[in-house]
Amino acid sequence: MTTHYIQFTRKSGNSKTGDIPVTTTSEETCAYACPLKANGCYAEAGPLAILWRKVTARKMGMAWDAAMSEIAALPQGTLWRHNQAGDLPGIGDDIDGFALIELIRANEGKRGFTYTHKPIDTVKNRGAIRIANEQGFTVNLSANNLAHADELAASNVGPVVVVLPADATRATVTPQGRKVAICPATISDNVTCKTCGLCAIANRKAIIGFPAHGPSKRKASAIAAA
């Protein structure tokens, strides 16, 4: 049984997500492979960082099983975001397949989505993410730059998102010609995750680009430009 802690927020106060349910999962779930870890991650600064540290220290939030019950109780059709900070269950690069199945089951009938930096270089991780996407819980593969986005898209494991330089405002293409659309919520005050929902569509073709943001956006931009 996983010992991860989760903060379940029924209505987010984040202007970009809109007032949808969101979760925050303890930091040990973050992939060792993520180049943004302590190097440009937006969740490591500001109010979210304070919340995340408290969840990681088990001073806020709830045990995994309790959080699954909260998710399962959401009304059918609810759009919600898993992990405004944190990653899929499992320590570091590993995915805890049993815990992910519990999450998939809790999400049945809802429109849950998340992002992962867990590497897909193992059969176990690839299989776990594919199952999630096939069974209605959308797991977006997080790419570090446009070339990496091509690599992840070619794997056919799941939909892809990519970090872009902070000044990116227009749609672009990857080196192999795949279309990259800019997240509408990052360039318009009139769009939120609640009104958009693109990241919850597992079979979409377009890669979604997120311009680097937050106090450490220069570091994230450098990674995006690599």
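Put simply, the side chain of Asp93 gets close to the backbone of Tyr32: a donor and an acceptor are under 3.5 Å apart. A donor-acceptor pair under 3.5 Å is absent between the side-chain atoms of Asp150 and the main chain of Thr174, judged by distance alone. For Asn133 (side chain) and Ala202 (main-chain N/O), no donor-acceptor pair under 3.5 Å exists by modelled atom type. No donor-acceptor pair closer than 3.5 Å links the side chain of Thr9 to the backbone N or O of Ser12. Judged by distance alone, the side chain of Lys37 and the main-chain N or O of Ala31 form no donor-acceptor pair under 3.5 Å. For the pair Thr192 (side chain) and Lys194 (backbone), a donor-acceptor distance under 3.5 Å is present. No donor-acceptor distance shorter than 3.5 angstrom exists from the side chain of Trp52 to the backbone of Pro47, with no hydrogens or angles considered. Using modelled atom types, one side-chain atom of Asn39 and one backbone atom of Pro35 make a donor-acceptor pair closer than 3.5 Å. Side-chain atoms of Arg170 never come within 3.5 Å of backbone atoms of Ala168 as a donor-acceptor pair (strictly under, hydrogens ignored). Checked by atom type and distance alone, the side chain of Asn140 never pairs as donor or acceptor with a backbone atom of Phe113 at under 3.5 Å.
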Report the C-alpha distance between Leu198 and Ile201 in whole Å, list the side-chain angles of each, state the deciding distance to 0.1 Å, and finish with yes or no for side-chain contact (heavy atoms from CB on, under 4.5 Å). CA-CA 6 Å; Leu198 276 176; Ile201 301 174; 4.2 Å; yes

Steps toward side-chain contact (heavy atoms from CB on, under 4.5 Å) verdict (Leu36, Glu44): CA-CA 10 Å; Leu36 296 170; Glu44 292 177 340; over 6 Å; no

Residue pair Arg10, Leu74: steps toward the side-chain contact (heavy atoms from CB on, under 4.5 Å) verdict: CA-CA 9 Å; Arg10 190 166 294 276; Leu74 290 171; 3.7 Å; yes

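Taking both residues in full, the closest heavy atoms of Ile71 and Phe8 are given as CG1-CE1, 4.2 Å, listed atom of the first, atom of the second, then distance. Contact record, Arg58 with Thr3: NH2-O, 2.8 Å, taken as the closest heavy-atom pair. Here the closest non-hydrogen pair linking Ile6 and Thr25 is CG1-OG1, 3.7 Å. Residue Tyr115 comes nearest to Ser142 through the heavy atom pair CB-OG, 3.5 Å, listed as atom of the first residue, atom of the second, then distance. Closest approach of Cys193 and Leu79 over heavy atoms only: O-CD2, 3.2 Å. When all heavy atoms of Pro89 and Thr29 are compared, the pair lying nearest together is CA-CG2, 4.4 Å.
Asp189 has its side chain within reach of Lys16: a pair of non-hydrogen atoms, C-beta onward, lies under 4.5 Å apart. You'll find the side chain of Tyr5 stays beyond 4.5 Å of the side chain of Thr56, heavy atoms only. Considering only heavy atoms from C-beta on, Arg111 stays 4.5 Å or farther from Thr138 through its side chain.
A distance of 12.0 Å separates NE2 of His4 from OG1 of Thr23, quoted to the nearest 0.5 Å. Note that NE2 of His82 and OG1 of Thr24 are 9.5 Å apart. Values are rounded to the nearest 0.5 Å. Distance check, rounded to the nearest 0.5 Å: CD of Glu151 to CD1 of Ile120 gives 7.0 Å. One distance of note links CD of Gln7 with CG of Leu48; it measures 11.0 Å at 0.5 Å rounding. Put simply, OG1 on Thr116 and CG on Asn83 are 8.5 Å apart, with the number rounded to the nearest 0.5 Å. Rounding to the nearest 0.5 Å gives a distance of 5.5 Å between CG of Leu141 and CD1 of Ile129.
No single ILVMFWY cluster, assembled from side-chain heavy atoms under 4.5 Å apart, contains both Phe137 and Val22. Tracing side-chain contacts under 4.5 Å through hydrophobic residues (I, L, V, M, F, W, Y), one reaches Met68 starting from Ile131; they form part of the same cluster. Clustering ILVMFWY residues whenever any of their side-chain heavy atoms sit less than 4.5 angstrom apart, transitively, puts Ile91 in a cluster other than the one holding Leu100. The hydrophobic cluster containing Leu88 also contains Val160, counting ILVMFWY residues as joined when their side-chain heavy atoms lie under 4.5 angstrom apart, directly or transitively. In the hydrophobic cluster analysis, where Ile, Leu, Val, Met, Phe, Trp and Tyr join through side-chain heavy atoms closer than 4.5 angstrom, Ile223 is grouped apart from Tyr42.
Other residues, nucleotides and ligands place no more than 12 heavy atoms under 6.0 Å from the CZ atom of Arg105. No more than 12 heavy atoms of other residues, nucleotides or ligands shown are found within 6.0 angstrom of NZ on Lys54. Open room surrounds NZ on Lys179; 12 or fewer heavy atoms of other groups in view lie less than 6.0 Å from it.
Taking a cutoff of 4.0 Å between a charged side-chain nitrogen and a carboxylate oxygen, Lys110 and Glu70 do not qualify as a salt bridge.
Among Val162, Thr186, Ile182, Val163, the one residue that satisfies the side chain to side chain contact (heavy atoms under 4.5 Å, CB included) test with Phe210 is Thr186.
Under 3.5 Å, the side chains of Thr2 and Asp96 contain no donor-acceptor pair of N or O atoms.
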